[in-house]
Amino acid sequence: MDYQFKDIEQRWQQFWAEKQTFRVTEDASKPKYYVLDMFPYPSGAGLHVGHPLGYIASDIFSRYKRLKGFNVLHPMGYDSFGLPAEQYAIQTGQHPAITTESNIATYRRQLDRLGFSFDWSREVRTSDPGYYKWTQWIFMQLFNSWYNLETDRAEDITTLIEKFNAAGSAGVKAVCDDDVRNFLPTDWAAFSQDEKQEELLKYRLTYLRESTVNWCAALGTVLANDEVKDGFSERGGYPVEQKKMMQWSMRITAYAERLLKGLDMIDWPEPVKEMQRNWIGKSTGASVRFMLEIPVGGQSFIEVFTTRVDTIYGVSYLVLAPEHELVPALTTVAQREEVEAYIARTRKKSELDRMADTKTVSGAFTGSYVVNPVNGEKVPVWIADYVLAGYGTGAVMGVPSGDQRDWLFATHFNLPIVQVLDAQVNIREQADATKEGTYINSGMINGMVYKDAVSYLNSWLEEKGLGKAKINYRMRDAIFGRQRYWGEPIPVYFKEGLPYLLAEPELPLVLPEIDKYLPTETGEPPLGRATGWKHQGGHEYELSTMPGWAGSSWYWYRYMDARNPDAFASKAAIEYWQAVDLYIGGSEHATGHLLYSRFWNKFLKDLGYVQEEEPFKKLINQGMIQGRSNFVYRVVDADGRGTNTFVSAGLRNGYQTSAIHVDVNIVNNDVLDLERFKAWREDFRDAEFVLEEGKYVCGVEIEKMSKSKYNVVNPDDLIERYGADTLRMYEMFLGPLEQSKPWNTNGIEGVFKFLRKFWRLFHDENWNFQVSDAQPSPAELKSLHKIIKKVQDDIDRFSFNTSVSSFMIAVNELTELKCNKRAVLQELVVILSPYAPHICEELWSLLGHEEGSLTQVSYPEFNPAYLQEASFSYPISVNGKMKMNLDIALDLSQQQVEETVLANEQVQKYLEGRPHKKIIFVKGKIVNIVV
RNA sequence: GCUCGGAUGGUGGAACUGGUAGACACGCAGGACUUAAAAUCCUGUUCGCCCUAAAGCGAGUGCGGGUUCGAUUCCCGCUCCGAGUACCA
């Protein structure tokens, strides 16, 4: 029979499901390999053709690894908490759980049709109470932990209490809030329970604190920094403003250094690592105290952070952020009006304006002065919005000669510019940030070089108590609460305004039913609507829920032991599977999911629950699949009204037209199917066309794939027409996995033809299955062993597109050779099976093997002997220009080759009688005659 | 502005450590089969010149230089496109 992909694919998908072919267990006799896909949020739109790209690649890799003898964990699940289902619930009243459930069913059906080798018995859903019980449990561990800088790891909060008992706050080096109290052991003992809890909260790795947050009024919730892009929410694009609120946060800053260092140990794309480095934003410098001339507001100094302490003799002013807490106290009566006006002005500027407008210099003088600690000079204190309240101390020292922003500021306000290094040039024109040369005008460091000056100043400042070396990070603690319904409830209740954890047996704290998915009348989050939802009937629960990234920050561990009711995963399972060996997903998660996951992983390691410092050993970002839109051009009449006539793209310049998106599914190779177009929309029924060469050619544009642009290509349609094996191979054939590219269905025929041709190798001209047991010829073995090696090399470097080409070459060669030898074809079936599993299973069983045993065989052994040749057709070039080919035996020496080449008549013709200077000979590669 | 990635035929792309540029496929053109169409198969297809044709000659991997017997590949300088990031002191 001809290649009946529909029957074949249905049969094997059913077979795999019934026999649970891809179910894995921890098998100590085999090496393990963990292949993970970023699990999807099940949106209502279902999968488009771009989504499976990464899943296909990871599936090929998983199947290949199995053939190579690995015990492969390859699971799939759903990140099923999230905003869209909740927005839908607000509009329709439908419970998000119901929407989510039906979306998951659609996803599952679509995934199943692609023939993936997932172990579905390990499926997870983040919105399942059996799953989020453990998300809540991890939250509780974080609440019960603090970060000890002496041991450089998270520890149980009890070790902190012991330290307080033994030596008070002085005995503790921790990552904590800025406003921790100083106390003696006796003070600690005298604190009330509430006071103790309040103090401990400043140390916990998840904590409640009044913080400035990104408030998105339209979504009714706060957002983390990575969920905000250019002042708008990443989801939905609504405006975001700064607001002070009591919020749960995660002390991710405690792990800043380890998150940074860990990047050097993992095999990730450099851009992702670079983005994380920038996000963490480490800078090495010093904090320096400038004493106030007159102490104000209980403060006697202003602290600045600088990366160039060596330029401190060049300071001609200090600048504070307009929001800096000392500004009101520092402002003198004479300057009050100007300062207040300036603050009012900056406040009015939105975040966006402030970012867009980086050119204009602005600021105001407070009227106060500080003293430069190194030379006792009087330094004026200004405020300006180029200093950010949120970074460092919110105050900087202005060194106009070394920093361009300071230079612009000083020039604008006529402040002095002092040269500090003899190597600085042109500082009248612009700042020179060089570190070269030796110091001048710089008191005690005059004549020193950069390195010495920095360490000298740092120790001098530290000795005097006026400053010290300091490392600063740009990364902030992550806001962890969301004022939304469809997320994990935070397992906390309040007593006397202080948060307390639930007891472990009370988990999971299940999301309560509510009447409407909106905030309460008093502005509380939706959970405030739940009636009678109180801890043990008395205390208020926390009403915000966890953010979207909570459930995805540890899910790879749940796959290891997905149904365990007693632990997030058993110790044995974690010890066996360890970490993810290959992780495939989109680069949009570079600073969100991938950073938070690394953070939680390190935390779980500190507590001894997991062993690996880094969760994802190798990461690959699959490229985005963009949409490719097609257009028709409607002729517009003199009044600007659309007519009933559509002109082909090549002729549209002769007309006044308007471009209309046309469904890409009724266009083939940019040629419009006229009948289907007329049937597509009622108003096009009587359409008339101006054709070119008898065809209507559509215009093309690359855009995002979306319904409104009619450019969505659904995998189901393609599977219907060509089958899953064709689609799988075509998606790989499109180009390198990591490259972004527009989807174009043109060309899928080529892959389909290939599979038919492959099928035909096993059949005679009447489609009867027929293979021969005869010995393969050397040419056939050569083809086979070429592909054995090629595919193995390609998969090892994730170059799936090139293997598809090689398969085509192999099948072309074998067709040419009329090869139907079992010994060759059988091996070929194994090699192709990761790419096109259905057809290969079918042929495998037709070859007489036990059904389904294809997944247990080994990848064929490569034998280089079959590729060895006696001679090679050398390209002969003259002065590096290829002229001709010449067949020469491979075992000849350089001298023999030279003689052979020079003796050749045609070669002599190219030399035109010129004597050769030398002959370059690279065995098996090239002969180059230099004249 | 900074960081990263990219640029190869009409199109997607290949060329892995410097060694025959354009594999493989799409599209297109021509042909076979067919009453016809579809499907299938065969041939050609980087560009230019020359030509009935065969053959030949020249140019060619964004642009300009360099290293080398030899450069899509390495180095220097630029142009354009894409992504991320942005007063971070």
Side-chain angles (χ1 to χ4, degrees), chain A residues 2 229-230 269-275 277-279 281-283 285 304-309 311 319 321 354-361 384-388 390-399 402-406 408-409 472-475 587-588 590-591 621 623-624 626 669-671 700 730 733-736 738-751 753-754 756 790 793-794 796-797 799 801-812 873-885 916-922 924-931:
Chain A
D2 196 354
K229 290 259 164 343
D230 300 333
E270 203 47 48
V272 176
K273 290 196 196 183
E274 198 57 30
M275 277 161 79
R277 282 189 198 109
N278 288 338
W279 190 263
K282 178 180 183 173
S283 49
V304 304
F305 174 73
T306 176
T307 54
R308 289 298 299 273
V309 69
T311 62
V319 207
R354 215 162 138 170
M355 279 193 291
D357 181 27
T358 59
K359 298 277 171 290
T360 333
V361 177
D385 65 2
Y386 82 86
V387 175
L388 305 175
Y391 182 76
T393 57
V396 306
M397 58 185 216
V399 184
D403 182 291
Q404 187 59 18
R405 289 157 306 173
D406 295 346
L408 287 170
F409 192 83
N472 210 25
Y473 297 93
R474 180 157 84 218
M475 184 167 64
S587 57
E588 65 272 21
T591 49
N621 292 129
M624 265 233 309
Q626 296 137 303
N669 288 326
D670 296 334
V671 176
V700 173
Y730 183 60
F733 188 56
L734 230 40
E738 283 157 281
Q739 222 168 77
S740 284
K741 55 227 152 195
W743 177 265
N744 191 343
T745 309
N746 300 350
I748 194 169
E749 300 268 356
V751 174
K753 277 191 221 164
F754 154 75
R756 277 194 77 196
K790 175 71 173 155
D793 291 352
D794 283 351
D796 284 342
R797 62 195 171 97
S799 172
N801 56 323
T802 49
S803 334
V804 179
S805 304
S806 307
F807 281 123
M808 290 173 172
I809 294 168
V811 166
N812 288 346
S873 172
Y874 280 92
I876 311 295
S877 27
V878 178
N879 284 343
K881 294 250 178 247
M882 213 285 271
K883 294 294 179 189
M884 58 179 284
N885 283 90
H916 68 272
K917 267 196 218 137
K918 70 173 164 178
I919 294 177
I920 309 284
F921 168 66
V922 183
K925 290 258 157 106
I926 200 165
V927 178
N928 187 15
I929 308 167
V930 187
V931 297

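Note that the structure is predicted; figures quoted are calculated from it, not measured. Side chains included, hydrogens not; waters and symmetry mates left out as well; all remaining heavy atoms used. Chain identifiers are assigned alphabetically (A, B, ...) following the order of the sequence lines, protein sequences preceding nucleic acid strands; residue numbering begins at 1 within each chain.
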I need the A:Asn928 CG to A:Ser877 OG distance, nearest 0.5 Å. 4.0 Å

Side chains of A:Leu734 and A:Trp743: closer than 4.5 Å at any heavy-atom pair? yes

With a 3.5 angstrom cut-off on both distances, give the Watson-Crick or G-U wobble partner of B:A89, or none if there isn't one. none

Between the base of B:C69 and the side chain of A:Asn928, is there any donor-acceptor pair under 3.5 Å? yes

Between P of B:U68 and NZ of A:Lys918, the distance in whole Å: 10 Å

Does OP1 or OP2 of B:G13 have a side-chain N or O of A:Gln739 closer than 4.0 Å? yes

Now, which nucleotide makes the Watson-Crick or G-U wobble pair with B:U11, with each of the two distances under 3.5 Å? B:A25

What nucleic acid atoms does A:Pro269 come within less than 4.0 Å of, heavy atoms only: base, sugar-phosphate, or nothing? nothing

First of A:Arg756 and A:Ala395 reached from the 5' end of RNA chain B, by closest nucleotide: A:Arg756

Under 4.0 angstrom between A:Asn801 side-chain N/O and B:A14 OP1 or OP2: yes

Options B:U20, B:A89, B:C24, nucleotide nearest the side-chain atoms of A:Met808: B:C24

Scan every strand shown for a Watson-Crick or G-U wobble partner of B:A71, both distances under 3.5 Å, and answer none if you come up empty. none

Which nucleotide in the set B:U3, B:U20, B:C26 lies at the smallest distance from any side-chain heavy atom of A:Glu274? B:U3

Looking only at the side chain of A:Lys881 (C-beta and beyond, no hydrogens), which of the listed nucleotides B:A89, B:A59, B:U20 gets closest? B:A59

By the Watson-Crick or G-U definition, both distances under 3.5 Å, B:G62 is matched with B:C78

Taking a pair as Watson-Crick or G-U wobble with both distances under 3.5 Å, which nucleotide is matched to B:C41? B:G31

Which nucleotide in the list B:A15, B:A89, B:A14 gets nearest to the side chain of A:Thr306? B:A89

Whole-Å distance between B:G27 C1' and A:Phe733 CZ? 13 Å

Return the value, rounded to whole Å, for the distance between atom CG of A:Asp793 and atom P of B:U17. 12 Å

Chi-based syn or anti call at B:G9, which uses purine or pyrimidine torsion atoms and a 90° bound: syn

Let's see if you can work this out: which of B:C24, B:A59, B:C87 has an atom nearest to the side-chain heavy atoms of A:Tyr386? B:C87

Between the side chain of A:Arg474 and the main-chain N/O of A:Tyr391, is any donor-acceptor distance below 3.5 Å? no

Side chain of A:Lys753 (C-beta onward), nearest among B:C41, B:C16, B:A89: B:C41

Nearest 0.5 Å please: distance from the NZ atom of A:Lys790 over to the CD1 atom of A:Ile809. 8.0 Å

Using the closest heavy atom to pick a nucleotide of RNA chain B for each, name whichever of A:Lys883 or A:Gly880 lands nearer the 5' end. A:Lys883

Just verifying a value: how many Å separate A:Phe807 CZ and A:Asn812 CG, rounded to the nearest 0.5 Å? 13.5 Å

Using purine N1 to pyrimidine N3 plus N6-O4 or O6-N4 for Watson-Crick, or N1-O2 and O6-N3 for G-U wobble, each under 3.5 Å, what pairs with B:A83? B:U3

Choose from B:A23, B:A89, B:C87 the nucleotide whose nearest atom is closest to any side-chain atom of A:Val396. B:A89

Measure the distance from CD1 on A:Ile920 to C1' on B:A71 and round it to the nearest whole Å. 15 Å

If I take atom CH2 in residue A:Trp279 and atom P in nucleotide B:U85, what distance separates them, rounded to the nearest angstrom? 7 Å

Checking B:A21, B:A14, B:C16 against the side chain of A:Arg797 (C-beta onward), the nearest is B:C16

Tell me the interatomic distance from A:Lys741, atom NZ, to B:G12, atom P, rounded to whole angstroms. 12 Å

Note, A:Asp406 side chain near A:Met397 side chain (heavy atom, < 4.5 Å): no

Establish, with yes or no, whether the OP1 or OP2 oxygen of B:A25 is under 4.0 angstrom from a side-chain nitrogen or oxygen of A:Asn812. yes

In Å and rounded to the nearest 0.5 Å, what is the CD1 to CG distance from A:Ile929 to A:Asn879? 9.5 Å

Rounded to whole Å, the CD-P distance (A:Glu749 to B:C28) equals 11 Å

Look through every strand shown and name the nucleotide pairing with B:C16 as Watson-Crick or G-U wobble, where both distances are under 3.5 Å. none

Kindly point out which of B:C87, B:A59, B:A89 is positioned nearest to the side chain of A:Thr307? B:A89

Determine which nucleotide pairs with B:G48, using a 3.5 Å limit on both distances of a Watson-Crick or G-U wobble pair. B:C57

OP1 or OP2 of B:C24 less than 4.0 angstrom from a side-chain nitrogen or oxygen of A:Thr802, does that happen here? no

Atom CZ of A:Phe807 and atom P of B:G13 are separated, to the nearest Å, by 21 Å

